[in-house]
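So that the names make sense, note that chain A is the first sequence line, chain B the second, and so on, each numbered from 1.
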Amino acid sequence: MISMTRLRDDETARAIGRALLAWYVLHRRELPWRQSLDPYAVWVSEMMLQQTQVATVIPYFERWMQRFPDVATLAAAAESDVLHAWQGLGYYSRARNLQRAATRMVEHHDGRVPASINALRALPGIGPYSAGAIASIAYGQAEPLVDGNVNRVLSRLFALRGDPNRAPLKAAIWDYARALVSAAERAPGDFNQALMELGATVCTPRAPRCTSCPLAALCQAKKLDLVEQLPELPARAKATPVHMVAVVATRNACVLVGRLKADAPRWAGMWLFPNAEVKSGQTPEAAVRDVLFRTAGLRGSPSSIVCVVRHSVTRFRITLDAYRTLEPSGVARALSVAEIAWKSPMDLAALAMPAAHRIIAERVLSDSAGAGGS
DNA sequence: AAGGCGGGGGT
DNA sequence: ACCCCAGCCTT
């Protein structure tokens, strides 16, 4: 492998920069957030791209920029609007952090996205990666960044053994990234984007396209036939199956939904159908009755299945059975939620719901439209 | 249906 | 320096 001391003042770093930038000019994808270097747009796109792929992000980004075109608009927005705009992207703390950071920018940074790494790092939701991305892409500073793509590209390029997400290799990769971006000082933002673009489109996790790679001649993993072995990421734990039920309680052509409390561990402030895990030894029907009573104080039993939603989140593979419960008895009260409401299926569209519950809501709407039309 | 991917925050 | 996080896409 090429040592850091060699790389720092070596022609190798400049050769890598030249080859990568020449490739990037020809192969960069035209993406909405690349049309301007507005720091706000760069920041929003980076937050959206953190755990979500480019193709998914594009329509969200465009809607977001229409709805919240600048820091001040975002800071002043209602949280429910922010969550609604983020709905479907997942990991909703990203959206809440975005708005919290916007508020701080209004209070402490003259309503602008700060440029210094330290000021960026102090903002909620901005860690080492995002700070480097904003500083280099939006402000042209020679700051490094390391994400999953960079881990993979540099692990291969320099044939680095070990887990890139753990010390000591983690620190070494940041050092390599810093040395490389410093050697590409004329265009640090483009260099960093080129590194990630290469990882996303050529130096892919599986079946990398080495024959199309501008760095193939310099790649130590290719030379040593280690491309498929690197990076050395640990195997993930297997997903745990979880069985859950959701209740679609109906009354007067409306359905019952609850808004989670602000301190809920996840989906805080969002709207969900009453739901609970089916504990071992418990029947789904019992789980439905139980959660309907504990959430809203209503008594009722499931009559039919609305739909079954299968989705995976982190290390859980969830099967969510949605049960229709007709005319439950009692007056709905917000017991374990911040607010409980009967909504017409059409009105559900205005609420911020996580993806699995949005699927149920869409099904409820299409069922009700079918019933009304027949 | 199963497997793969990831940056930030909290401890 | 860990561990955890409640999604989506590809195979």
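Contact check, A/Arg317 against B/dA2: a side-chain N or O comes under 4.0 Å of OP1 or OP2. Not one side-chain nitrogen or oxygen of A/Ser312 sits closer than 4.0 Å to the OP1 or OP2 atom of C/dA6.
Of the inter-residue distances, the one linking A/Met47 atom CE with A/Ile134 atom CD1 reads 8.0 Å to the nearest 0.5 angstrom. A/Lys261 contributes atom NZ, which lies 7.0 Å from atom OG of A/Ser336 (distance to the nearest 0.5 angstrom).
In this structure, CG of A/Asp163 is placed 13 Å from C1' of C/dA1, rounded to the nearest angstrom. Across the protein-nucleic acid pair, A/Arg96 atom CZ and B/dG9 atom P stand 13 Å apart, rounded to whole Å. Taking atom CG of A/Leu145 as the reference point, atom P of B/dG7 lies 10 Å away to the nearest angstrom. Straight-line distance from the CG atom of A/Asn165 to the C1' atom of B/dG7: 9 Å, rounded to whole Å.
Against DNA chain C, the stretch residues 97-108 of chain A makes no heavy-atom approach under 4.0 Å.
Residues A/Lys170 and A/Met244 both approach DNA chain C. Their nearest nucleotides, taken by heavy-atom distance, put A/Lys170 toward the 5′ side. Place A/Pro124 and A/Arg206 on DNA chain B by their nearest nucleotides, and A/Arg206 ends up nearer the 5' end.
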Please list each protein N or O that sits under 3.5 Å from an N or O in nucleotides 3-5 of chain C, with the distance.
| unit_1 | atom_1 | unit_2 | atom_2 | d |
| --- | --- | --- | --- | --- |
| C/dC5 | OP2 | A/Arg315 | NH1 | 2.7 |

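Remark: side-chain polar atoms of A/Thr56 are not paired, donor with acceptor, to backbone N or O of A/Thr52 under 3.5 angstrom. With hydrogens and angles ignored, the 3.5 Å screen pairs no side-chain donor or acceptor of A/Gln220 with any backbone N or O of A/Ala159.
Using a 4.5 Å cut-off on side-chain heavy atoms (C-beta onward), A/Val306 and A/Asp367 make contact. At least one side-chain heavy atom of A/Leu348 sits under 4.5 Å from a side-chain heavy atom of A/Phe273.
Centroid-to-centroid, the aromatic rings of A/Trp64 and A/Phe68 come within less than 6.0 Å.
Of all nucleotides listed (B/dC5, C/dG7, C/dA1), B/dC5 comes nearest to the side chain of A/Pro205. With C/dA1, B/dG6, B/dG8 as the choices, the nucleotide that has an atom nearest any side-chain atom of A/Ala167 turns out to be C/dA1.
Across all strands, A/Ser93 comes closer than 4.0 Å to no nucleic acid atom at all (heavy-atom distances).
A salt bridge links A/Glu197 and A/Arg34; the closest N-O separation between the charged side-chain nitrogens and carboxylate oxygens is under 4.0 Å.
Using the six-membered ring where Trp is involved, A/Phe61 and A/Trp33 have ring planes that are perpendicular, over 60° apart on the 30 and 60° scheme.
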